[in-house]
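Just so we're on the same page: letters track the sequence lines, and every chain starts at 1. Note that the coordinates shown come from a computational prediction; the quantities given were computed from them, not determined experimentally.
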Amino acid sequence: MTTNNPQPTKNEIATRFAYVAVVTPAVLTLAALALQLRWLPETPDPIATHWSGSGPDRSGSHWTYPLITLFMGFGLSAWLWATALPRLRRGARGWAFRFLAATAVGFSAFAAVSMTWSVGMQRGLASWSDAPSVLPAIVTGLVVGLGAALVGWLVLPKQAITFNALPSADIDLAETERAVWLGSARASRGAVATIIIAIVLVAAGAVAAWTSGDYAVMWIFLGLAVLLTALALTTMEADVRVDSNGVEVRGPAGFPRSRVPIAEVASADSINVEPLGSFGGWGWRRVPGAMGVVLRGGEALRVERKEGHALVVTVDDSATAAALLTALAKRAQR
Amino acid sequence: MSMLISIDSASTEPLFAQVAAAIRAQIITGEARPGDRLPPARDVASGLGVNLHTVLHAYQELRDEGLVDLRRGRGAVVTEAADAMAGLQRDITKLGARATALGMSPATVVALVRAAM
């Protein structure tokens, strides 16, 4: 525990994150909801909810607006409050926290302004079809949203990625000894199940669109299914190999691929990886200073190149892999 | 599932036997569990800088001992027999500890084990 030696900046970053990502969006969303609920009795029901170039072309219950405001304005914030904030409190750091917080506050500002404006401009109308253009509401919402995101970004400090080092192992290699370490990084069962369910749902959507003759929608669903399958293939599994040539990470089909030749290895160690904080999510990810093959949270092999760019792979038994690579790199220099 | 395999080219033991011994050791200590797939022979061969047939020879040796199943398309899979072997390893560890506590010499214990077989 570090309670005896508290770092003042540690909680300050979490507090600022809470203000930007949770408190401000909550205040904006509540204010927007209060205004909308006050105006709702004066608006037509159904109310205009969709516009084409010339005017409103679709309508819905006037409760649509407060509901969308709630979900858009506080959905991401609620998720960050539940997942990112506890991790920040525990000391996790990463550029993605800053990005996600700015996105959350920008999103809620956009939702609050454009949704409330859409409700306000339809007060006193006899029918939804009399609604004026929605363009001013959207444009103002975008400007305010981007402004809020920028302010949120500037309020939060720049965070370098920090990793917690894990216990290391030691391997001694005789001059005549040859060794290889082979491991595979796998996504958690939950993640694999989620991806498969998503693919099945999207494919079912494509079939439904096909049977109802909506071919444009069918192609969109099909494209999405192909994209998800490609994503699944690259994020479910990766093979890792450490030998006298260095380290290589390969996707299931031999692609994507990333390697560090033994002559370029500066150091190798075992670290703890926080997918969201350090890399902004899962998969093959390039962030400032590192390339990550992040298929799950937890232990990972980190290989520092001599020119500074690191390769990080979330793989079990990473201490053994790091020890072998260190021993091989040391011998290659002799 | 991960696997560290090392061989010594200065050793008099054949390379295939060294590869088999490295994998066998991980099966017996329980680091490789039944159902685990051994790494593709091609990857082991290129990683160690040995001929592919050397590694396949090692895998066949392990199959003949009943420790792995070789199936086309699925590669080499550790069998249920490995669990029994790992259990034996635990018994041996216990036996060693008890014999040491009783002050018996390793040679005596080996002689007793040999007599029991």
* Asked: Relative to chain B, which segment of A:I171 carries a heavy atom at a distance below 4.5 Å: side chain, backbone, both, or neither?
  -> side chain
* Asked: Given that the side chain runs from C-beta out, which part of A:T320 has a heavy atom under 4.5 Å from chain B: side chain, backbone, both or neither?
  -> side chain
* Asked: By a 4.5 Å heavy-atom criterion (distance strictly below it), what part of A:L324 contacts chain B: side chain, backbone, both, or neither?
  -> side chain
* To do: Specify whether B:F16 and B:H57 have parallel, tilted or perpendicular ring planes, treating 30° as the upper limit for parallel and 60° as the lower limit for perpendicular.
  => parallel
* **Heavy-atom proximity to chain A below 4.5 Å, by part of B:S46** => both
* So, do A:L325 and A:W181 sit near enough that their side-chain heavy atoms are less than 4.5 Å apart? -> no
* Lys/Arg-Asp/Glu bridge criterion (N-O < 4.0 Å) met for A:D243, A:R241 -> yes
* Hey, are A:R186 and A:E237 close enough for a salt bridge, meaning a charged N less than 4.0 Å from a carboxylate O? -> yes
